[in-house]
Amino acid sequence: MSNFKNQHSDTIRQITKHQPAILAYILTLHPDRSEAQDILQETNVVLWQKLEDYQDGTSFKAWAFRIAYLQTLAHFKRKKRKSWLGFSSELVETLATEAEPILSDLEHRQQALQNCLQKLADRDREIVRSHYESSLPLADISRKLNRSVGALKQVLFRVRKSLRTCVEQSLRKGVTDA
Amino acid sequence: MPNSDSPADQEWSELLEAVSNRDLTPDQSQRLSERLTSDAAARHAFIEATAFDAMLASEFPAEEHDLSSALGVGMDRSESATATSANAWKRPLVIVLAAAASIMLLAFALRPRGESIVATIASSEEAAWESSLPTTPGSNLERGRLKLRSGIATIQFVSGANVTLEAPAELELISAMRGKLVEGAAIIHVPEEAQGFVMETPNGYAVDYGTQFAVQVDRKLSRSDFELIEGEISVHNRVNAQQVRLTDPHAVASVQQEQVIIVDEELKEEPEIDEKKIVRIGTEGQATSVLRNNKRHKFINPEVLSVKTTENGKWDYRSFFAFDLSSVEVDRIDAAKLRLNLVPSQKGFASRLPVVNRFGVYGITNSSRLDWNQDCLWEDAPSARDGKFLGSFEILRSQQRGSFGIENRNLVEFLKQNSGKRVTFLLIRETTQVDGQGPGLTHSFASHGHPEAVGPLLEMTIK
């Protein structure tokens with residue numbers, strides 16, 4: 001029983017640690033953030049249920065990605081459509097395979113991103129927050145923040161670009177406190 | 001990270017921006033799909049971009065994604081307030097481990113705001129609802145709670161899972177693949193495409209791997225019983241993640257406190273006989289209403305207890321009634337319920353009421369107001385100032401019948417403090433009406449002399 005308990009908390013740790021990577025993986029296959037969150041939830045449940053299928057020593061993340069892939073396909077099946085963007089099933093499979101290595105070092109990037117976000121101007125960070133924390137369309141956010149949609153798009157473009165540059169630079173310098 | 005901006009042409013940048021901004025047009029979707037299919041570098045850049053979006057989305061969890069509030073567990077406010085991006089992602093980990101909560105809660109906490117349809121009402125047999133969700137057959141249901149007062153109703157989840165509820169029952173719709181039976185009994189049918197459907201209860205949950213099972217929740221005993229009818233289910237204890245798998249038809253697993261027990265059928269057949277008994281007492285005619293203008297003969301119908309509150313107060317009614325506790329072993333009361341039966345009102349328009357009407361029940365403590373008589377005046381009758389608030393209940397304006405009331409510790413305590421005495425309860429409507437020309441509805445509850453419905457009842461469980 002104690003063994004089970006250890007495995008239990010270890011699994012929670014693993015699942016929690018890999019949430020951004022699993023979400024990223026699902027988003028690659030189905031780039032709709034709101035539905036991707038749903039699929040992530042379902043994936044978490046399955047990861048938990050199928051705990052006994054996971055073999056120690058193998059990559060937890062690879063196993064989680066596999067389950068996320070199957071859950072995404074199941075989601076498409078339920079919604080009776082191929083995918084939000086009309087991706088063919090071959091394309092979804094190709095993306096699933098190619099995403100895995102690219103998402104391998106996401107934890108370091110996430111750390112770097114946290115530091116980079118601190119450097120943003122408050123006003124910019126609020127816009128990024130408004131866009132990423134809800135599934136509201138830009139038009140709604142534009143009304144809420146009293147900015148034009150065009151202006152929001154410009155800010156988001158600029159901020160995403162500078163954040164990506166910042167993340168790449170800090171990874172090159174190895175400046176993360178991970 | 002090489003390649004991240006190639007292929008660096010204008011159209012491609014716009015496509016990626018549109019993905020991140022979530023405003024792709026159908027034409028753009030088509031183009032994106034084409035380019036991804038034919039171009040490996042494009043795929044790489046696309047994966048990089050969506051990964052970046054995922055990281056950003058993870059840094060800004062919506063409120064509902066906040067684990068601490070979902071779990072309601074120990075984190076002091078200052079920590080919560082400063083939980084900015086730097087520790088937003090570490091926080092769930094700490095709390096999950098501290099709470100040793102199951103991943104089901106994690107999953108729940110990470111749900112996005114649901115605006116979509118979760119289920120529909122497939123059929124209803126004499127069903128009376130108490131719900132803020134629509135309740136006519138065919139209605140689409142979003143996330144929320146349904147309370148079935150009487151009758152039987154079938155809820156069809158979008159996933160295909162089908163839940164037949166038997167009143168009294170309360171069901172929470174969480175997602176297409178997840179429901180929670182808060183109270184009562186239900187039979188769940190899960191077709192192949194909805195395998196993995198989860199039915200939660202207050203202390204456990206079952207995952208269905210196909211076909212049929214039944215659930216019964218007894219909140220008082222904090223116990224949920226899951227009976228497999230056909231197929232396979234796993235039953236889990238929410239507190240300690242203990243689980244059992246049922247594969248034999250008619251196997252029953254019971255989730256109670258710290259354990260999941262497979263119940264022996266022989267034992268199960270025996271009804272729950274224990275030392276508890278239920279005692280019900282009525283008002284024996286000690287019940288009446290008062291109205292502000294005191295024109296009793298014209299407006300007070302002795303068959304009903306009238307309750308109404310308006311902004312200007314001119315046509316307000318309140319009601320009060322008494323029970324004699326001298327024959328009850330009050331010291332041994334374990335639980336108590338005050339039951340009132342709503343009957344159709346002859347006065348006023350329900351459309352002038354708010355959708356949800358709330359009623360308050362008070363236990364009268366002011367000794368000078370305990371000797372009221374049936375004909376007393378508004379000014380002399382017990383009021384909220386003369387008592388202690390015990391609890392409230394809600395009635396939808398569309399409801400004309402049904403059993404309502406309160407059941408809580410306040411009521412038990414109040415009864416215990418008045419052992420052997422006559423106790424008076426006051427009933428008032430806390431919500432008002434939309435003022436205007438037409439009169440709003442006066443709510444009527446059956447009184448002692450009502451020809452069809454039973455008057456106020458005090459139901460006590462004696463140990």
Side-chain angles (χ1 to χ4, degrees), chain A residues 8-9 11-13 15-17 19-21 23-24 27-28 31-34 36-38 40-42 44-49 77-78 85-88 90-91 94-95 98-99 102-103 106 109-110 113-115 117-118 128-129 131-135 137-138 153 156-157 160 163-164 168 171, chain B residues 1 4 17 19-24 29-30 32-33 36-37 40 43-44 46-48 50-63 65 84-86 88-89 92-93 96-97 100-104 106-108 110-115 158-159 175-177 193 196 198 207 234 241:
Chain A
H8 174 164
S9 57
T11 308
I12 292 179
R13 195 178 300 121
I15 295 177
T16 308
K17 179 177 154 197
Q19 289 290 295
L23 178 63
L27 267 178
T28 306
D32 174 310
R33 270 207 297 282
S34 163
Q37 290 277 12
D38 266 336
L40 175 64
Q41 181 218 359
E42 287 153 16
N44 285 334
V45 172
V46 176
L47 288 175
W48 184 246
Q49 285 164 3
K77 196 176 155 197
R78 263 205 305 284
L85 295 171
F87 289 177
S88 67
E90 292 79 24
L91 177 56
T94 310
L95 286 168
E98 292 179 359
I102 302 174
L103 301 179
L106 208 68
R109 278 192 266 171
Q110 188 87 34
L113 176 64
Q114 285 167 0
N115 295 333
L117 274 169
Q118 305 285 358
V128 175
R129 174 192 296 283
H131 178 59
Y132 282 94
E133 79 178 358
S134 75
S135 49
L138 282 180
K153 281 185 181 176
L156 287 171
F157 175 76
R160 274 194 289 254
L163 284 174
R164 285 183 75 160
E168 281 169 35
L171 285 183
Chain B
M1 239 177 277
S4 61
E17 274 301 299
V19 170
S20 292
N21 289 338
R22 281 176 290 141
D23 63 351
L24 272 184
S29 303
Q30 178 66 28
L32 179 72
S33 192
L36 290 177
T37 305
R43 285 197 296 276
H44 193 109
F46 170 76
I47 293 165
E48 291 271 355
T50 50
F52 205 77
D53 279 334
M55 291 196 298
L56 275 169
S58 302
E59 287 304 312
F60 298 109
E63 276 165 46
H65 301 177
T84 48
S85 56
W89 200 257
L93 175 66
V96 170
L97 292 177
S102 81
I103 202 67
M104 307 308 294
L106 171 67
F108 182 76
L110 290 168
R111 289 205 89 262
R113 262 166 240 284
E115 58 281 303
V158 175
S159 58
S175 75
M177 285 293 281
E193 68 267 25
V198 177
V207 183
S234 63

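Throughout, a chain's letter reflects where its sequence line sits, starting with A, and its residues are numbered from 1. These numbers come from a predicted model, not from an experiment.
Leu113(A) touches chain B through its side chain: at least one heavy atom from C-beta onward sits under 4.5 Å away, while N, CA, C and O do not. Proximity to chain B (any heavy atom under 4.5 Å) is shown, for Leu95(A), by both the backbone and the side chain. Contacts of Ser20(B) with chain A are made by both backbone and side-chain atoms, with heavy-atom separations under 4.5 Å.
The side-chain heavy atoms of Leu138(A) and Arg22(B), taken from C-beta on, include no pair separated by under 4.5 Å.
The side chain to side chain donor-acceptor pair (under 3.5 Å) check on Arg160(A) picks up Tyr132(A), Glu17(B), Asn21(B), with sequence neighbours excluded. Residues meeting the side-chain contact (heavy atoms from CB on, under 4.5 Å) test with Ala54(B), sequence neighbours left out: Leu23(A), Ala24(A), Leu27(A).
Thr50(B) contributes a side-chain N or O that, together with a main-chain N or O of Phe46(B), makes up a donor-acceptor pair within less than 3.5 Å.
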